[in-house]
Amino acid sequence: MRCMPVIAMQATLEPVKITIFSIPRIALKAHLTELLTQAAKAVAPEQADLAIVLERPKSAEHGDFATNLAMMLARPLKQNPRAIAESLINALPASHYVAKTEIAGAGFINFFLSPAAKHAVVRDILSKGNDFGRHSHGQKRKVQVEFVSANPTGPLHVGHGRGAAVGDCLCRLLDATGWDVTREFYYNDAGAQIDNLTLSVQCRCKGLTPDDPAWPEDGYRGDYIVDVANAYMAKEKIDAEDKHVIGAGDPDNTAAIREFAVAYLRREQDLDLRAFDVHFDVYSLESALYTEGKVEKTVQQLIASGHTYEQDDALWLRTTKFGDDKDRVMRKREGGYTYFVPDVAYHVDKWQRGFTRVINEQGADHHSTITRVRAGLQALDIGIPQAWPDYVLHQMVTVMRGGEEVKLSKRAGSYVTLRDLIDEVGRDATRYFLAARRADSQLIFDIDLARAHTNDNPVYYIQYAHARICSVLEQWGGDTSILPDTALAPLTTTHELALLQRLAEYPKTVETAAQELAPHIIAYYLKDLAGDLHSYYNAQQFLVEDEAVKHARLALVFATRFVLQSGLQLLGVNAPEKM
RNA sequence: GCGGCAUUAGCUCAGCUGGAUAGAGCAACGGCCUUCUAAGCCGUAGGUCACACGUUCGAGUCGUGUAUGCCGCACCA
């Protein structure tokens, strides 16, 4: 059958009568590592410090765990790897958890776990419920995640949507791994873009259109500007997050227009985010950094640090000392500060609030700010680490509809907004599609696919797996509280073993996704898990006559349901009980 | 020109600290509903992992170079 593997059976296999309540995957791995360490000590005492690597083979034929230890020892021992592998296996202590070992390929040692070891994960899940897969590695340390941070100059577009989906999932992942997460949104409500917004609204108030010769060159041309202008002229009341503004109705009152327009658009963005089920703990305003004197204070400290200089009537920061390719202007010739100055002040504020870990999720088109902000923080010399804060950058989103690209252009106003997507394809599908790709690769959002209620659509595929389980449990009608104590010995088919294996990988998957700040790993895992469930479902009946078999299978799918729920929750996607 | 990201099946994309025969989904073709929801399953076909060198037992993965695409390179944000 298999191409010439040397099978070495363990001397003692029998007494698996031992009760295994819960063997986390990691403990199993540690157990095998210990066995190998002892074997290595016997075979190659000189190489005792060699790190033992155990990995999960891609193919089930290669067992549940494999090690390349024999290959690593081949060179120092000057022996054939397969011969070394045989010696290692002979020196391996017996274990209840190991059913079989074999040598394969160039000298891999494959481990096949006993059924009891594989079943353990079901008990583990059913005792922990939705907590299965959660870790406490974060030790309740504080982490702040800043994301979206759109300028209040227009509705959120798809790019912001990607930031919202990815950022929110990051928060959920960090929370699941034991961090104390603060979600923060930074509004750039000061500066030139807001002046431009104010001017654009004012022009609309006065009846100008973008086609008019008097229309400002960089003015915002979108129709939403008309809405803002109309609301202002109609003296509407805006209830924003932290203040209430009433339109003055006077086209010449620039200050009033500015305040109204910003409040109006902030409210719009808040509503969009709420519809996306994304919520923030803290909203920070750029304007507040000015009014509270934090910008000025930072500037004074930078000057005091000696890293600034005056040239051409402007104030410069010597960012080249901190890895930038050229120095940057801090205070412009006409007096105002450039954007990165309040941004540095903002990050000083974050640091002083005690966030030793900060993650900024933003579009890759803002990449250049990273060096500048970090340089400013380093120049202050207040003990901030060089690589602080962390950044997660997402690449551009291209929206496709009917096989054609829908162009994004904020200034032109003809772009797909986040709200458009939510309305058209639904919240779940939008969130899934925007979070299911690696952040640093460009994303093509296919509206037609996302809104398809067919098996093409991975969102429904996953949700359907969950709904199927719920349906089975409902038809069974029994009390699920008996399932955690069910004997699992009847679970022996390849479908069942595959599902058990997948479930056991969940905690590691969550940990990896959190560590790498990569929510898409969860999305892919869920697709695979749903696939295992669907295959199982089609291959075998769960509600069978034999009570022992039925209960064992129900325990397995019940456990699967918890993991599907937990994973979907990490993505912020619903787990419907019926579809 | 400089910097960042990318390049894997016809299309959209995975591929964990280097490991065994590179994987899904869609599209194509062929099967499965008197049985727990066919929003599902099973099978077939589809590849010079952009290219070239290098590192080593072993490279899609690491290094250097080249090509192509996107993004950035303001006294905008």
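The structure presented is a predicted model; accordingly, all values stated were derived computationally and were not measured. Basis for what follows: all heavy atoms, side chains included, without hydrogens, waters or symmetry-related copies. Just so we're on the same page: letters track the sequence lines, and every chain starts at 1.
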Pairing partner of [N] (Watson-Crick or G-U wobble, both distances under 3.5 Å):
N     : answer
B/G58 : none
B/A38 : none
B/U17 : none
B/G46 : none
B/A6  : B/U68
B/C73 : B/G1
B/A22 : none

So, for [X] and [Y], which heavy atoms are closest and what is the spacing to 0.1 Å?
X      : Y      : result
A/L302 : A/T308 : O-CG2, 3.6 Å
A/V406 : A/V416 : CG1-CG2, 3.3 Å
A/Q269 : A/A150 : NE2-CB, 3.9 Å
A/N360 : A/P389 : ND2-CG, 3.5 Å

What does [X] touch in the nucleic acid at a heavy-atom separation under 4.0 angstrom: a base, only the sugar-phosphate, or nothing?
X      : answer
A/D312 : base
A/N110 : base
A/K578 : base
A/F340 : nothing
A/H520 : sugar-phosphate
A/A452 : nothing
A/I469 : nothing
A/S471 : base
A/L543 : base
A/D325 : nothing
A/Q540 : base
A/A314 : base
A/A465 : nothing
A/R333 : base

Rounded to whole Å, how long is the line connecting atom [atom1] of [X] with atom [atom2] of [N]?
X      : N     : atom1 : atom2 : value
A/H367 : B/G4  : NE2   : C1'   : 4 Å
A/Y432 : B/U12 : OH    : C1'   : 12 Å
A/I370 : B/G3  : CD1   : P     : 16 Å
A/L526 : B/G25 : CG    : P     : 16 Å
A/F445 : B/C70 : CZ    : C1'   : 20 Å
A/F542 : B/C36 : CZ    : P     : 12 Å
A/Y309 : B/C75 : OH    : P     : 11 Å
A/L317 : B/A74 : CG    : P     : 17 Å

Nearest to the side chain of [X], which nucleotide is it out of [options]?
X      : options             : value
A/D440 : B/C75, B/C5, B/C76  : B/C5
A/Q541 : B/U35, B/A77, B/A24 : B/U35
A/K326 : B/C76, B/A74, B/A14 : B/A74
A/R437 : B/U12, B/A20, B/C76 : B/U12
A/S535 : B/C41, B/G69, B/U12 : B/C41
A/Y339 : B/C36, B/A77, B/U12 : B/A77
A/H366 : B/G72, B/A6, B/A77  : B/A77
A/E516 : B/C16, B/C36, B/C41 : B/C16

### Message
Does A/Y391 form a ring pair (Phe, Tyr, Trp, His ring centres under 6.0 Å) with A/H367? I'd like the steps, not just the answer.
### Response
CA-CA 9 Å; A/Y391 284 86; A/H367 181 266; 8.5 Å; no
Would one find a side-chain N or O of [X] under 4.0 angstrom from OP1 or OP2 of [N]?
X      : N     : answer
A/S368 : B/A77 : no
A/K332 : B/C76 : yes
A/Y337 : B/C76 : no
A/R438 : B/A6  : yes

### Task
Using the C1' atom on both, measure B/G18 against B/A59 and round to a whole Å.
7 Å
### Task
For B/C71 and B/G31, measure between their P atoms and round to the nearest Å.
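Rounded to whole Å, the distance is 46 Å.
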### Query
Does the salt bridge (Lys or Arg N to Asp or Glu O under 4.0 Å) test come out yes or no for A/K350 and A/E146, once each step is laid out?
CA-CA 10 Å; A/K350 289 185 185 184; A/E146 182 204 323; 2.6 Å; yes
### Message
Both A/N68 and A/R328 contact RNA chain B. Taking the nearest nucleotide for each, which residue is further toward the 5' end?
### Response
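The answer here is A/N68.
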### Message
Between A/H160 (side chain only) and A/H157 (backbone N and O only), is there a donor and an acceptor less than 3.5 Å apart?
### Response
yes
### Task
Output yes if the stacking criterion (under 5.5 Å between centres, under 30° between planes) is met for A/F108 over the base of B/G19, else no.
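Not stacked by the 5.5 Å and 30° rule.
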### Message
Over 60° means perpendicular and under 30° means parallel, so tell me whether A/Y337 and A/Y290 are parallel, tilted or perpendicular.
### Response
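Parallel.
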### Query
Is the base of B/C26 syn or anti, where syn means the angle lies within 90° of 0?
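Judged by the O4'-C1' to base torsion, B/C26 sits in anti, the angle falling more than 90° away from 0.
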### Message
Go through it in stages, so that I can follow the logic: the residues are A/E361 and A/R162, the test is salt bridge (Lys or Arg N to Asp or Glu O under 4.0 Å), and I'd like the CA-CA distance, side-chain angles, deciding distance and then a yes or no.
### Response
CA-CA 10 Å; A/E361 204 289 351; A/R162 190 176 192 182; over 6 Å; no
